[in-house]
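Okay, structure first, notes after.
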Amino acid sequence: MRVRQLFQSVEDKGNIIVVPILCNANDAWLGKGHYFWDSEIADAHWWGQVHYHENYVIYQSEYDYDSLEFFDLLGNTEHRKYFFGFAQALINKRKKKYTVGETIEILKRIDFTFLKNYKAIRALPESVRTNVFQVYFDDNEVFSLPNRTRIQMCVMDASFLLGGKYAPIYHSSNSMTVV
């Protein structure tokens with residue numbers, strides 16, 4: 001088992017939270033679930049600074065990177081093929097565009113084994129406007145390897161988190177990280 005850290009930024013409202021915050025917004029990009037940043041606390045700080053105006057708490061949790069219980073849209077080619085095939089079939093059938101979140105929520109309703117097999121979804125949010133450092137394959141600068149690490153995990157079932165661990169490790173009010 002390879003343990004990886006997860007970090008969730010939440011607005012600091014002066015109370016200690018004992019369970020991960022659930023995002024059930026209609027525009028949640030990976031559908032409904034508990035959103036974490038995978039492995040990089042810097043991403044959780046970025047989210048807190050931008051979305052909570054420097055008034056935030058970061059909670060830490062863990063997951064088993066070797067688990068088969070997460071749908072990996074970043075590193076598993078079979079999962080990617082399945083998702084994009086499903087999305088294309090949905091678009092072809094209904095003749096309209098869908099967001100990633102809408103596609104995932106429809107997938108959860110249509111494929112009854114999805115929620116039985118997967119407790120989380122791992123993905124790399126990518127903006128077409130994001131300007132990131134890139135190393136090019138050749139002098140023509142046609143292909144590159146971007147340095148993009150902002151990976152998100154949408155946990156649909158909190159039992160996915162190892163040992164139910166969910167603890168505050170940073171409070172912006174005192175700028176102290178607890179390890």
Side-chain angles (χ1 to χ4, degrees), residues 1-76 79-80 83 99-105 108 118-135 145-179:
M1 173 184 347
R2 291 183 289 170
V3 175
R4 299 227 1 212
Q5 305 301 309
L6 291 172
F7 302 99
Q8 185 179 54
S9 300
V10 300
E11 185 175 13
D12 187 358
K13 295 183 179 178
N15 57 340
I16 299 295
I17 301 166
V18 294
V19 295
I21 298 294
L22 175 69
C23 176
N24 58 10
N26 289 333
D27 63 350
W29 92 275
L30 290 172
K32 295 174 180 15
H34 311 277
Y35 280 78
F36 291 88
W37 296 103
D38 188 336
S39 304
E40 298 291 334
I41 194 169
D43 297 333
H45 280 294
W46 166 79
W47 187 264
Q49 291 163 359
V50 171
H51 296 277
Y52 302 123
H53 310 289
E54 307 261 353
N55 184 38
Y56 62 99
V57 179
I58 296 176
Y59 287 79
Q60 181 179 10
S61 192
E62 299 174 334
Y63 77 101
D64 176 4
Y65 183 68
D66 295 321
S67 171
L68 299 176
E69 294 183 317
F70 67 94
F71 193 68
D72 191 0
L73 290 172
L74 176 59
N76 186 313
H79 290 178
R80 289 176 58 83
F83 175 77
T99 66
V100 174
E102 288 170 330
T103 304
I104 288 171
E105 289 302 318
K108 289 176 188 176
Y118 304 112
K119 295 180 178 180
I121 300 170
R122 181 173 177 260
L124 179 74
E126 189 68 59
S127 169
V128 294
R129 293 181 293 270
T130 301
N131 186 14
V132 297
F133 175 72
Q134 299 182 59
V135 177
L145 182 62
N147 179 26
R148 187 87 166 109
T149 60
R150 205 170 272 164
I151 301 167
Q152 276 197 303
M153 182 74 78
C154 175
V155 176
M156 301 171 294
D157 180 339
S159 70
F160 177 75
L161 304 173
L162 290 179
K165 179 181 177 181
Y166 185 74
I169 61 164
Y170 174 85
H171 293 84
S172 60
S173 61
N174 62 16
S175 298
M176 186 160 90
T177 301
V178 180
V179 209

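Quick note: residue numbers are just sequence positions, from 1.
- Taking the ring centroids of Tyr59 and Phe36, they lie at or beyond the 6.0 Å cut-off.
- Contact of the Asp157 side chain with the Glu69 side chain is not registered, since no non-hydrogen atoms from C-beta on lie closer than 4.5 Å.
- In this model, a donor atom of one side chain and an acceptor atom of the other lie less than 3.5 Å apart for Tyr118 and His79.
- Contact record, Tyr35 with Leu30: OH-N, 2.7 Å, taken as the closest heavy-atom pair.
- Here salt bridge (Lys or Arg N to Asp or Glu O under 4.0 Å) pairs that include residues 15-39, with residues two or more places apart or in two chains, are Arg4-Asp38, Asp38-Arg122.
- In this structure a side-chain-to-backbone donor-acceptor pair under 3.5 Å is present from Ser9 to Ala44.
- Donor-acceptor pairing under 3.5 Å is recorded for the side chains of Glu62 and Gln5.
- When the shell of 6.0 Å around CG of Asp66 is examined, it contains more than 12 heavy atoms from other residues, nucleotides or ligands.
- Across all their heavy atoms, Ala120 and Met156 have their closest contact at N-CE, 3.5 Å.
- Checking each of Gln60, Gln8, His34 against Tyr166 for a side chain to side chain donor-acceptor pair (under 3.5 Å) leaves exactly one that passes, namely Gln8.
- Residues that satisfy the ring pair (Phe, Tyr, Trp, His ring centres under 6.0 Å) test with Phe7, not counting sequence neighbours, are absent from this structure.
- Remark: the backbone N or O of Val57 is not paired with any side-chain donor or acceptor of Asp12 at under 3.5 angstrom.
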